[in-house]
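See below for the structure under consideration.
All heavy atoms count here, side chains included; hydrogens, waters and symmetry mates do not. Residue numbers count from 1 along this sequence. As the structure is a prediction and not an experimental result, all values here were calculated from the model.
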Amino acid sequence: MSAAPAPLVSVIVVNWNGQAHLGRCLAALAAQTFHDFEVIVVDNGSSDGSAEIVGARWPHYRLLRQDRNLGFAAANNIGARAARGAWLALLNNDAFPEPDWLEKLARATEEHPQYSGFASCQLSDADPRRLDGAGDAYHTSGLAWRLGQDEPFGPPWDQAREVFAPCAAAALYRRADFLEAGGFDEAFFCYFEDVDLAFRMSLRGARFLYLPQARVRHVGSASIGQKSDLARYLGHRNLVWTFLKNMPPALFWRYLPGHILFNLMSLIVLGLGGQAPAVWRAKWHALKALPRVLRERRAIQRTRTVAAEELERRMCRGLAALLHHGARRLRPAQET
């Protein structure tokens, strides 16, 4: 008996104790108007019974059970290696796609073949009139943020635009490009892994497009909590690694002072907000790994095919943007 033909899209859902949301996420996939896809659920050692939901209600979905929590980055890499589709659709277990989500993404791969990935329109699940994100921006200081977050959905976010990176909560990547770039950096565990991957892919010639018509509703940070000490630690450690590994030499020295300034600002502001231990630990661990990170940097920069000036044009620049978005990102936890 011949094997079934490979689907166009492999949807990867990483789950860790997601009983509150996983069923709704998988049901939304089952309701898609586009059908040429497979679903791979990578379970990171859940103990709440959520993994059992897959086999009981969707036995045709592939369940890859891990014996412990490997992190978002490693789990998605496992799914990507197991996938048969030409495209990888990554979807958080607390993200709920509209019925035509995959249809819109699949159409975009035909209409925009020059792009290696696509960012979804993420609407807040609590208030779908407002955006949870329209792709990710990257500042030359190393700061990154979700475009349009907390803004009303409408102009300019109802128009397609090129973005620095898709948010991996609901993103589509060409599988060959994802794997050739090395997938997510598993040392990141979670947070900033999508910006880092997009940076590495961009160095090799990739571009990314935001699609306002491909919509999901997203709860956000359901597993860890966006302003928890762990989230702060991982985010602030990983943003240092992203800058050090990926910024091309011609831009590295130009923007290193801004990178240092933002890190110092982080230590001061979050220290005043009571989160100094997590952030100091993040920066210390980021620097302790410097020999490994610099080895990775040399390997990554050897693969660069795009001019530094072109990459710079895709980044946000200037002190005003750094102060505005930095103030949002550094807001103390008690103000959320």
>> Let me confirm one number: the OG-CG distance from S141 to L239, rounded to the nearest 0.5 Å.
In response: 8.5 Å
> Between W241 and R292, is there a cation-pi geometry (under 6.0 Å to ring centre, at most 45° from the normal)?
Replying inline: yes
>> Between Y233 and H285, is the side chain to side chain contact (heavy atoms under 4.5 Å, CB included) condition met? List the steps.
In response: CA-CA 10 Å; Y233 166 79; H285 287 172; 2.7 Å; yes
>> Tell me whether K245 is salt-bridged to D185, with the criterion being a basic N under 4.0 Å from an acidic carboxylate O.
In response: yes
> Relative to the ring of F34, is the ring of F37 parallel (under 30°), tilted (30 to 60°) or perpendicular (over 60°)?
Replying inline: parallel
> Would you find a donor on one side and an acceptor on the other, under 3.5 Å apart, between the side chain of R62 and the backbone of A82?
Replying inline: yes
> Say you draw a straight line from CG of L211 to CZ of F118; how long is it, rounded to the nearest 0.5 Å?
Replying inline: 6.0 Å
>> I need the S116 OG to F178 CZ distance, nearest 0.5 Å.
In response: 12.5 Å
>> Looking only at the aromatic ring of each residue, does the gap between the centers of F243 and F252 stay below 6.0 angstrom?
In response: yes
> Step by step, would you call E186 with F184 a side chain to side chain contact (heavy atoms under 4.5 Å, CB included)?
Replying inline: CA-CA 6 Å; E186 298 183 8; F184 291 132; 5.7 Å; no
>> Regarding T33 and D100, do their side chains bring together a donor and an acceptor under 3.5 Å, going by distance alone?
In response: no
> Where does the angle between the aromatic ring planes of H21 and F96 fall among parallel (under 30°), tilted (30 to 60°) and perpendicular (over 60°)?
Replying inline: tilted
>> Could you see if M201 belongs to whatever hydrophobic cluster contains M247? Use Ile, Leu, Val, Met, Phe, Trp, Tyr and a side-chain cutoff under 4.5 Å.
In response: yes
>> Quick check on the 6.0 Å ring-centre criterion: do F72 and F189 meet it?
In response: no
> Would you find a donor on one side and an acceptor on the other, under 3.5 Å apart, between the side chain of R232 and the backbone of A276?
Replying inline: no
> Would one find more than 12 heavy atoms of other residues, nucleotides or ligands at under 6.0 Å from atom CH2 of W280?
Replying inline: no
> Honestly curious: do V13 and V219 fall in one hydrophobic cluster under the side-chain, below-4.5 Å linking rule?
Replying inline: no
> Mind checking what makes salt bridge (Lys or Arg N to Asp or Glu O under 4.0 Å) contact with D194, not counting sequence neighbours?
Replying inline: none
> Is any NZ, NE, NH1 or NH2 atom of the basic residue among E162 and R207 found under 4.0 Å from an Asp or Glu carboxylate oxygen of the other?
Replying inline: yes
>> Regarding R217 and D94, does a basic nitrogen lie under 4.0 Å from an acidic carboxylate oxygen?
In response: no
> Counting distance only, does the side-chain N/O of R84 pair as donor-acceptor with the main-chain N or O of V9 below 3.5 Å?
Replying inline: no
> Can any side-chain N or O of R304 pair as donor or acceptor with the backbone N or O of V306 at less than 3.5 Å?
Replying inline: yes
> Do N238 and D196 pass the side-chain hydrogen bond (donor to acceptor under 3.5 Å, both in side chains) test, and can you show the C-alpha distance, the side-chain angles, and the key distance before you say yes or no?
Replying inline: CA-CA 9 Å; N238 295 348; D196 171 70; over 6 Å; no
> Do Y61 and I12 belong to the same hydrophobic cluster, where Ile, Leu, Val, Met, Phe, Trp and Tyr are linked whenever their side-chain heavy atoms lie under 4.5 Å apart, directly or via other members?
Replying inline: no
> Do V11 and V216 belong to the same hydrophobic cluster, where Ile, Leu, Val, Met, Phe, Trp and Tyr are linked whenever their side-chain heavy atoms lie under 4.5 Å apart, directly or via other members?
Replying inline: yes
> Can S124 and D127 be counted as having a side-chain donor-acceptor contact under 3.5 angstrom?
Replying inline: no
> Roughly how far, to the nearest 0.5 Å, is NZ of K104 from OG1 of T109?
Replying inline: 13.5 Å
>> Restricting to salt bridge (Lys or Arg N to Asp or Glu O under 4.0 Å), what partner residues turn up for R161, sequence neighbours left out?
In response: none
> Does the pair L234 and C190 meet the rule for a side chain to side chain contact (heavy atoms under 4.5 Å, CB included), with working shown?
Replying inline: CA-CA 7 Å; L234 292 169; C190 63; 3.5 Å; yes
> Should L26 and L90 be regarded as members of a common hydrophobic cluster, given that ILVMFWY residues are connected when their side-chain heavy atoms come within less than 4.5 Å of each other, either directly or indirectly?
Replying inline: no
>> Whether the Q32 and W101 side chains hold a donor-acceptor pair (N or O, under 3.5 Å, no angle test) is what I'd like checked.
In response: no
> Quick one: are the ring centres of W87 and Y173 less than 6.0 Å apart?
Replying inline: no
>> Test your reading of the model: is there a side-chain donor-acceptor pair from D132 to the backbone of H218, 3.5 Å cut-off?
In response: no
> So does E52 pair up with R65, basic N to acidic O under 4.0 Å?
Replying inline: yes
Identify all side-chain donor-acceptor contacts of residues 312-323 below 3.5 Å with residues at least two apart in sequence or on another chain.
residue, atom, partner, partner atom, Å
E312, OE1, R254, NH1, 3.4
E312, OE2, R254, NH1, 2.8
E312, OE2, Y255, OH, 2.4
R313, NE, E310, OE1, 3.4
R313, NH2, E310, OE1, 2.8
R314, NE, E310, OE2, 3.2
R314, NH1, A206, O, 2.9
R314, NH2, E310, OE2, 3.4
R317, NH1, E312, O, 2.6
R317, NH1, M315, O, 3.4

> When rounded to the nearest 0.5 angstrom, what is the spacing between CG in N44 and CH2 in W16?
Replying inline: 9.0 Å
>> Is it true that N17 and S50 share a donor-acceptor pair across their side chains at a distance under 3.5 Å?
In response: no
> Given the rule in the side chain to side chain contact (heavy atoms under 4.5 Å, CB included) test, do K288 and W284 qualify, once you have shown the distances and angles that lead to the verdict?
Replying inline: CA-CA 6 Å; K288 279 183 64 178; W284 171 238; 3.2 Å; yes
>> Within this structure, what is the NE2-CD distance for the pair H236 and Q275, rounded to the nearest 0.5 Å?
In response: 8.0 Å
